[in-house]
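Right, one structure below, let's go through it.
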Amino acid sequence: MKMSKWGDRLKKVEELAQSFQKNPLTTPYKPRLWPCQPSSVWKLFPRQSMATSFAQSCKEAVHVFALEKEKESMGQRIYLVTSYSELWFYYRTYTQSLMHCYEVIPEGAVCKLYLDLEFHKPSNKGSDGKTMVSLLIQYVCDKLLEVYGIECSAKNVLNLDSSTEEKFSRHLIFCLQQAAFKDNIHVGRFIHAILQPVLNKPKNGSHLDNGVETRFMKRRKEEGGDLRFLQVKNKDGRDSLFVDLGVYTKNRNFRLYKSSKAGKNAAFTVAEDNQCIAKPEKGTSLEESIFLASLVCNVRYIGHKQLRFLCALSGFLSSPHQEVDNFVLTVVRKDGIQGSLRRWNYFAAEQLLVYDIAKYRWCENVGRFHKSNNIMIVVDLKEEVWYQKCHDPECRNFRSSSYPLPQEICISYVLTLDEEDQVYLMDDAGNIESSQEHKPMGPQSTTHTEEEKSDVWGDERDDWDYLESLDNFEQKSEEISDQLLLSCMADFDSQ
DNA sequence: CTCTCCCCCGGTCTTGG
DNA sequence: CAAGACCGGGGGC
């Protein structure tokens, strides 16, 4: 027993040694594309972890790709570290060794919203893939608007096809102008959350009363959330989902545009019903721009020349607790100043609802309006009080006295639920009104106007200050409640 | 089919009351 | 002895 395990180990080590010899860390193959661009990176590694650490140590903007070998070493993968432009330079010519190439979506990397869609054709004779894709895109766009205030349509979604006779297979990559997700784990949470209506179907088990449950279902249908079209049968005739939920794991390998699986012929091509217009930038071909658009982690290039990484986006005008929102609005609409709710954040552990306020800058600490810094209103749902904090450096640790919430607001929190139900409800992004009847939050949003943006980001020193405090929020929300959809997003803004 | 990576699950070890 | 950390096998993709 022990001997055979040692034998296995020894064999592995020998294989590894061989693999190192075959793929030395300094590959002799070192292309130099442009004389003016001295630093070319093109390195192969037998293990993903090695490639990842090398990529991280690089000062150049390089990325890890997985290459599937063919024939005798079928199934084996080696890992390439290079830049997008260098990869494209060799990739576009259909270089044999690059035919089965995967983008490694690194742990913690900012990335786009992406979907892997598939079903077994013979088991789903009645299913119309194209219609399903179209319905799904519309649904996801609706949810992006609802949850994050992001307006998009099928025109923003690169639709790649890798279908065969056996299998309907698509990749969707959402190319949003100003927003990207914090990482692919957060993308997974968002997708999971918006698909709750179809995921939750068999299990019930909670102690929610039946009336509430039925209202949930009704609500879902009213919102066009009938997701039954996503239900498909797998090869064995068992129920499964059109959307593959297994692709949001750490360091996921995601097959590239124009790549096929080793031993298969179906490469990803632009689907015939694709509506995404990838506009080529100067010096790039249409094909390259499609390639760049298809890369899940290629976030910086889209649309703008100069993108500035700002912070987590959660710019929602209204939370699921409309009564609380309305109350906070009465607090920030005084003396003829029309304050508004720029953002809300919910910290489940402390049951704190934190509002970032726009236009209204009255600070109790200084007894006047701040000139350029905004304030926060914190609603403590547990204590049923609210107080004011602010972003100004001199008020950093200031917290105003607590004021009681109006009685009528508190009544809506009488219903308490356990942890599990909180998770369920918070994930259930679509059911704003249903979740309103309970304590936990489901995110909701609205767009904020350009003028509000310029107002907030107007002063540079304020920006830094604001960013710092947002970072704290990020951290906190990370620690406290993973279900928070609002912490999923990272925001990009042009200068 | 083979391979890598990664998640999950179940068993075991550790720690602390 | 129970809860949490740790490890290794199974299975999915």
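A note on names: the letters A, B, ... follow the listed sequences, proteins ahead of strands, and every chain is numbered from 1.
- Under the rule for a side chain to side chain donor-acceptor pair (under 3.5 Å), the partners of Ser259(A) that lie at least two apart in sequence or sit in another chain are Tyr91(A).
- As rounded to whole Å, 10 Å separates atom C1' of dT4(B) from atom CD of Glu68(A).
- Tyr102(A) has its OH atom 16 Å from the P atom of dC3(B), to the nearest Å.
- Near DNA chain B, defined here as any heavy-atom distance below 4.0 Å, the residues from residues 240-256 of chain A are Thr249(A), Lys250(A), Asn251(A), listed numerically.
- The CD1-P distance, from Ile78(A) to dC5(B), rounds to 13 Å in whole Å.
- Rounded to a whole Å, the CD atom of Glu103(A) is 22 Å from the P atom of dT4(B).
- In this structure, Ser49(A) has no side chain to side chain donor-acceptor pair (under 3.5 Å) partners at least two apart in sequence or on a different chain.
- Note: CD1 (Ile105(A)) to P (dC5(B)) measures 16 Å, nearest angstrom.
- Not counting sequence neighbours, Lys235(A) has no partner by the side chain to side chain donor-acceptor pair (under 3.5 Å) test.
- Atom P of nucleotide dT4(B) and atom CE of Met50(A) are separated by 11 Å, given to the nearest angstrom.
- Using a cut-off of 4.0 Å between Lys/Arg side-chain N and Asp/Glu carboxylate O, Arg170(A) and Asp273(A) are scored as salt-bridged.
- Rounded to whole Å, the distance from CZ on Phe45(A) to C1' on dC5(B) is 17 Å.
- Counting only residues at least two apart or on different chains, the salt bridge (charged side-chain N to carboxylate O under 4.0 Å, His left out) pairs with a member in residues 118-129 of chain A are Glu118(A)-Lys167(A).
- Residue Gln76(A) has its side chain nearest to dC3(B) when only dC3(B), dC5(B), dC1(B) are considered.
- Protein atom CD of Glu107(A) is 20 Å distant from nucleotide atom P of dT4(B), rounded to whole Å.
- The salt bridge (charged side-chain N to carboxylate O under 4.0 Å, His left out) pairs that include a residue from residues 253-266 of chain A are Lys258(A)-Glu287(A), where partners are two or more places apart or lie in different chains.
- Mapping Ile185(A) and Arg77(A) onto DNA chain B by nearest heavy atom places Arg77(A) closer to the 5' end of the strand.
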